[in-house]
Number of protein chains: 2
Amino acid sequence: MTITPTSLKAELNEKGWRMTPQRETILNAFQELKQGKHLSVEDLHDRLMQAGEDISLSTIYRTVKLMARMGILRELELAEGHKHYEMNAATPHHHHHMVCVQCNRTLEFENDTVLKQSMKQVEKSGYQLIDCQLTIYAICPEAIRYGYPALPSENWMCTRAIADKTKHKKKMRGHRDDD
Amino acid sequence: MTITPTSLKAELNEKGWRMTPQRETILNAFQELKQGKHLSVEDLHDRLMQAGEDISLSTIYRTVKLMARMGILRELELAEGHKHYEMNAATPHHHHHMVCVQCNRTLEFENDTVLKQSMKQVEKSGYQLIDCQLTIYAICPEAIRYGYPALPSENWMCTRAIADKTKHKKKMRGHRDDD
DNA sequence: TTTGTTGCAAATACTTTGCAACCAG
DNA sequence: CTGGTTGCAAAGTATTTGCAACAAA
């Protein structure tokens, strides 16, 4: 079932919580996100600011955490240092991620077997499934050619990592959210 | 194949890096860890201190990160706030984790299907597998009974979460590493 | 010797929280 | 009205980094 502002409100109220313009705006932002995209809290903040939506960082932190707990968002742990969020079940099929530990290049892939295995496991223990994420840590072909593993401070770097580095300097903080 | 101080040294030297007493101590600490246990950087630091091994936090951070990149350790993202580490392939079978989003109670389970699926995915893309982790986020039976989802600041809490809270106050920082 | 490594302290980065004002129900 | 929510500023906490001293190869 699809989440709408109305259904979100209902779900919130049921728990004694409230719908707010901020929460609606944030929900919309995630729903407008194109397939395979995920945002960090700061990405989301920037994006909202540019759209003229002035929502504080605190509120965004609080909201994404709440929505993740409600199972509306998925909290992804891909690149180092901070979390990314995306709609849960936004894609036609449940998907997972493969990330290169050198350049953080992330590939998304679908795999129903994993979801099935997870449901089996959850049922067995009497738990209730919120989300399951298979994250594959790997080395991308380019990094392999360069002789990875090597520390990031070494004298080589994937093209992606270099692009990232540049972004750091410009924005004074470091991460990637493409792919 | 099992990692030994000797094989670690060889692997390091091959990349132009060095074996040090600190690295050996840290490797040993992880190998002595009983099945299913994982440590945060701070857990490890405390443990080493108690054993009379005075290794700085910086070095531990640097070492676990290096060893994770080398595929010797697995970096786990279970409880909120900080990472846990464990030997990669320490267990007879590859294992994964199911964690309750309310109380952080973590269950470990084995599943070879997931590993097989991951290997398939990795090969398809020409990547080289370092690790794959299926993390299931779920609600434990106890939390379901209490009517989760609810914010942590609500007026109820799993017994595990309460135990955790107590630990916080005592240690002035918050996490769990049991189960 | 050369160059990677350590330890310390300082700096970062990310996230949480207290509190007064605000507003949804 | 009542109590959840927001925004701000001020903490917190986890992690990284510069640098001089040190030590492995």
Side-chain angles (χ1 to χ4, degrees), chain A residues 5-6 8-26 39-46 48-49 53-68 75 77 79-85 149-155 168-169 171-175, chain B residues 5-6 8-26 39-46 48-49 53-68 75 77 79-85 150-155 168-169 171-175 177:
Chain A
T6 311
L8 175 59
K9 178 175 188 319
E11 211 173 318
L12 285 168
N13 291 346
E14 189 188 338
K15 303 284 179 190
W17 301 330
R18 295 174 181 172
M19 187 54 157
T20 66
Q22 290 90 336
R23 288 176 180 176
E24 178 164 353
T25 302
I26 291 172
L39 301 176
S40 67
V41 165
E42 202 149 330
D43 292 335
L44 178 54
H45 188 241
D46 290 352
L48 293 177
M49 288 302 256
E53 301 282 1
D54 195 345
I55 301 180
S56 78
L57 260 181
S58 313
T59 298
I60 298 181
Y61 272 112
R62 285 188 279 231
T63 303
V64 293
K65 186 133 291 188
L66 174 64
M67 289 169 74
E75 192 174 68
E77 196 63 48
E80 294 285 305
H82 53 257
K83 300 187 175 66
H84 278 200
Y85 297 85
L151 290 170
S153 53
E154 295 298 308
N155 46 13
H168 282 213
K169 281 176 191 144
K171 304 186 64 176
M172 282 308 290
R173 75 191 120 78
H175 77 276
Chain B
T6 311
L8 175 58
K9 178 175 188 320
E11 210 173 319
L12 286 167
N13 291 347
E14 189 187 338
K15 303 285 179 189
W17 302 330
R18 294 173 183 174
M19 186 55 159
T20 65
Q22 289 90 337
R23 288 176 179 176
E24 177 164 352
T25 302
I26 291 172
L39 300 177
S40 67
V41 165
E42 201 148 332
D43 292 335
L44 178 53
H45 187 242
D46 290 352
L48 293 176
M49 288 302 257
E53 300 283 0
D54 195 345
I55 301 179
S56 77
L57 259 181
S58 314
T59 297
I60 297 180
Y61 272 111
R62 285 188 279 229
T63 303
V64 293
K65 185 133 291 189
L66 175 65
M67 288 169 74
E75 193 174 68
E77 197 61 48
E80 294 284 305
H82 53 254
K83 300 186 175 66
H84 278 200
Y85 297 85
L151 290 170
S153 52
E154 295 299 310
N155 45 15
H168 283 212
K169 283 177 191 142
K171 304 186 65 176
M172 282 309 289
R173 78 192 118 80
H175 77 277
D177 55 82

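A note on names: the letters A, B, ... follow the listed sequences, proteins ahead of strands, and every chain is numbered from 1. Since the model is a prediction, treat every value here as computed from it, not as a measurement.
Spacing between atom CD of A/Glu42 and atom C1' of C/dT15 amounts to 11 Å, rounded to whole angstrom units. The CG atom of A/Leu57 sits 14 Å away from the P atom of C/dA13 (whole-angstrom rounding). What separates CD of B/Glu53 from P of C/dT6 is a distance of 13 Å, to the nearest Å. Per the geometry, CG belonging to A/Asp54 stands 12 Å off C1' belonging to D/dT6, to the nearest Å. Taking atom CG of A/Leu44 as the reference point, atom P of C/dT15 lies 12 Å away to the nearest angstrom. Atom C1' of nucleotide C/dT15 and atom CD of A/Glu75 are separated by 11 Å, given to the nearest angstrom. In this structure, B/His45 atom NE2 and C/dG7 atom C1' are separated by 10 Å, rounded to whole Å. The CD1-P distance, from A/Ile60 to D/dC8, rounds to 11 Å in whole Å.
Each of B/Gly16 and B/Ser56 has a nearest nucleotide on DNA chain C; the 5'-most of these lies closest to B/Gly16.
The side chain to side chain donor-acceptor pair (under 3.5 Å) test applied to B/Thr59 returns B/Ser56, not counting sequence neighbours.
Taking 4.0 angstrom as the limit, B/Arg23 places a side-chain polar atom (N or O) nearer than this to OP1 or OP2 of C/dT6. Between A/Lys15 and D/dG4 there is no side-chain N or O to OP1 or OP2 distance below 4.0 Å. Contact annotation: A/Tyr61 side-chain N/O to C/dT16 OP1/OP2 distance is not under 4.0 Å. Between A/Gln22 and D/dG7, a side-chain N or O to OP1/OP2 separation shorter than 4.0 Å is present.
Atom OG1 of A/Thr20 is separated from atom CD1 of A/Ile26 by 7.5 Å, given to the nearest 0.5 angstrom. Rounding to the nearest 0.5 angstrom, the gap separating the CZ atom in A/Arg18 from the CG atom in A/Asn13 is 9.0 Å. The CD atom of A/Glu53 sits 10.5 Å away from the CG atom of A/Leu44 when rounded to the nearest 0.5 Å. Note: B/Tyr85 OH to B/Met67 CE = 11.5 Å, rounded to the nearest 0.5 Å.
The bend of the helix from C/dT1-D/dA25 to C/dG25-D/dC1, defined by the angle between the axes of its first five and last five pairs, stands at 50° to the nearest 10°.
B/His45 places no side-chain N or O within donor-acceptor distance of the main-chain N or O of B/Ile60, the cut-off being under 3.5 Å.
Taking both residues in full, the closest heavy atoms of B/Met19 and B/Pro5 are given as CE-O, 3.5 Å, listed atom of the first, atom of the second, then distance. Smallest separation of non-hydrogen atoms from B/Ser40 and B/His84: CB-CD2, 3.5 Å. Heavy atoms only, all atoms of each residue included: A/Arg23 and A/Leu8 are closest at O-CD2, 4.3 Å.
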Point to revise | nucleotides 18-25 of chain D: protein proximity per nucleotide (B base, S sugar-phosphate only, - neither; heavy atom, under 4.0 Å) | key: B----BBS
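Each of D/dA14, C/dT5, D/dG7 was ranked by its minimum atom distance to the side chain of A/Thr59; first place goes to D/dG7.
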